[in-house]
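One structure is given here, and the rest of the page talks about it.
Sequence positions, counted from 1, serve as the residue numbers for this chain.
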Amino acid sequence: MIIKFINSCVIITVSTIIGFELAKRYAIRVRELCAMQGALSRLETEILHFSSSLPEALIEIGKSIGGGTGKLFYLTGQTLIEKKNHTVADAWSSALEQLKTELCFAQEEIEILHRFGNQLGNSDKEGQARFIHLTLLQMQEEEKKARAIRDKNSRMYRTLGILCGIALTILLL
């Protein structure tokens, strides 16, 4: 009887942990979108007001932001400094592909970031600022969608994890 009770507790605990882990991915996505918006705002400021070189600005932003977004900016800046023959678009796309799984972004966000990378460094300061602002607005919309999905699905996965554990325990008894 004690063994059945221990097994039941283990099953419920493991299924609950699985449900919470699945729910956590939604929260991480929202956090990454917020970090990306902060990084884009800082990049706009660096370009307009500080006149930093693009690789230096990307590295500084990457160091200060952290997470997958910080790695994306840092890796892009490092690639531009180390490999002089790479364009900004190539460096950005390469970093984005390397970090695609770590970023927790949906396909729409990845496409927005690819378009952003293709335009980065292709115009004057004002043109860059306008394009960064446009990308920032698109990311804000994606964040709103991600928050709605998080609110709906994270609660569902947490509850489903607990209920599946209980159901499995009942079936095994």
Requested in this report: Could you grab the distance from atom CZ of Phe73 to atom CD1 of Ile59, nearest 0.5 Å is fine?
Outcome: 12.5 Å
Report task. Please report the closest heavy-atom contact between Arg25 and Cys104, naming both atoms and the distance. Result -> NH1-SG, 3.3 Å
Report summary line: One should read off an interatomic distance between Ile149 CD1 and Ser154 OG, to the nearest 0.5 angstrom, of 11.0 Å
Requested in this report: Look at Glu32 together with Arg29 and state whether they make a salt bridge at an N to O cut-off of under 4.0 Å.
Outcome: no
Query raised in the report: Under 3.5 Å, is there a donor-acceptor pair between the side chain of Trp92 and the main chain of Leu113?
Result: yes
Query raised in the report: Under a 4.5 Å cut-off applied to non-hydrogen side-chain atoms, are Glu21 and Tyr157 in contact?
Result: no
Query raised in the report: Hey, what do you get for CD1 (Ile17) to CG (Leu22), rounding to the nearest 0.5 Å?
Result: 12.0 Å
Query raised in the report: Is a side-chain N or O of Thr69 found less than 3.5 angstrom from the main chain of Ala35, in a donor-acceptor match?
Result: no
Report task. State, with a plain yes or no, whether a side-chain heavy atom of Leu103 is found less than 4.5 Å away from one of Leu96. Result -> yes
Query raised in the report: Would you find a donor on one side and an acceptor on the other, under 3.5 Å apart, between the side chain of Ser64 and the backbone of Ile61?
Result: yes
Query raised in the report: How many angstroms lie between CG in Leu120 and CG in Leu54, if you round to the nearest 0.5 Å?
Result: 5.0 Å
Query raised in the report: Out of curiosity, does Ile110 fall in the hydrophobic cluster containing Leu72 (side-chain heavy atoms, cut-off under 4.5 Å, transitive links)?
Result: yes
Query raised in the report: Does some side-chain heavy atom of Glu143 sit less than 4.5 Å from a side-chain heavy atom of Met36?
Result: no
Query - For the student: nearest non-hydrogen atoms of Ala27 and Arg150, plus distance - result: CA-CD, 3.9 Å
Query raised in the report: Under 3.5 Å, side chain of Glu109 to main-chain N/O of Ala106, donor-acceptor pair present?
Result: yes
Report task. Determine yes or no for a side-chain-to-main-chain donor-acceptor pair under 3.5 angstrom, with Glu44 supplying the side chain and Leu136 the backbone. Result -> no
**Report entry** Minimum-distance pair of heavy atoms, taken over all atoms of Ile12 and Thr16
**Finding:** O-OG1, 2.7 Å
Report task. Begin from the C-alpha positions of Glu60 and Tyr74 and carry the test side-chain contact (heavy atoms from CB on, under 4.5 Å) through to its verdict. Result -> CA-CA 7 Å; Glu60 285 304 312; Tyr74 186 82; over 6 Å; no
Query raised in the report: Where is the tightest heavy-atom contact between Asn118 and Ser93, given as atom of each residue plus distance?
Result: OD1-OG, 4.3 Å
Query - Short side-chain to backbone donor-acceptor contact, Ser15 and Gly165, under 3.5 Å - result: yes
Query raised in the report: side-chain contact (heavy atoms from CB on, under 4.5 Å) between Arg147 and Cys34: does it pass, once the steps are laid out?
Result: CA-CA 11 Å; Arg147 283 185 190 279; Cys34 289; 3.5 Å; yes
Query - More than 12 heavy atoms of other groups within 6.0 Å of His114 NE2 - result: yes
**Report entry** Check against side-chain contact (heavy atoms from CB on, under 4.5 Å), Ile28 and Lys24
**Finding:** CA-CA 6 Å; Ile28 291 171; Lys24 190 166 76 170; 4.0 Å; yes
**Report entry** Reported CD1-to-CD1 distance for the pair Ile18 and Ile162, which is rounded to 0.5 angstrom
**Finding:** 12.5 Å
Query raised in the report: Between the side chains of Thr87 and Asp90, is a donor N or O closer than 3.5 angstrom to an acceptor N or O?
Result: yes
Requested in this report: Could you give me the CA-CA distance, side-chain angles and deciding distance for His133 and Leu40, then say whether side-chain contact (heavy atoms from CB on, under 4.5 Å) is met?
Outcome: CA-CA 8 Å; His133 188 70; Leu40 290 172; over 6 Å; no
Query raised in the report: Of Leu171, Ile6, Ile166, Leu168, which meets side chain to side chain contact (heavy atoms under 4.5 Å, CB included) against Ile11?
Result: Leu168
Query - Within 6.0 angstrom of Leu172 CG, more than 12 heavy atoms from elsewhere - result: yes
Report task. Look at Glu141 together with Lys145 and state whether they make a salt bridge at an N to O cut-off of under 4.0 Å. Result -> no
Report summary line: For Thr135 and Ile112 the tightest heavy-atom approach is CG2-CG2, 3.9 Å
Query raised in the report: How many angstroms lie between CG in Leu134 and CZ in Arg115, if you round to the nearest 0.5 Å?
Result: 8.5 Å
Query raised in the report: Which pair of heavy atoms, one from Thr76 and one from Ala95, lies closest together, and at what distance?
Result: OG1-CB, 3.5 Å
Query raised in the report: For atom CZ of Arg155, is the number of surrounding heavy atoms from other residues, nucleotides or ligands below 6.0 Å larger than 12?
Result: no
Query raised in the report: Where does the angle between the aromatic ring planes of Phe131 and Phe116 fall among parallel (under 30°), tilted (30 to 60°) and perpendicular (over 60°)?
Result: parallel
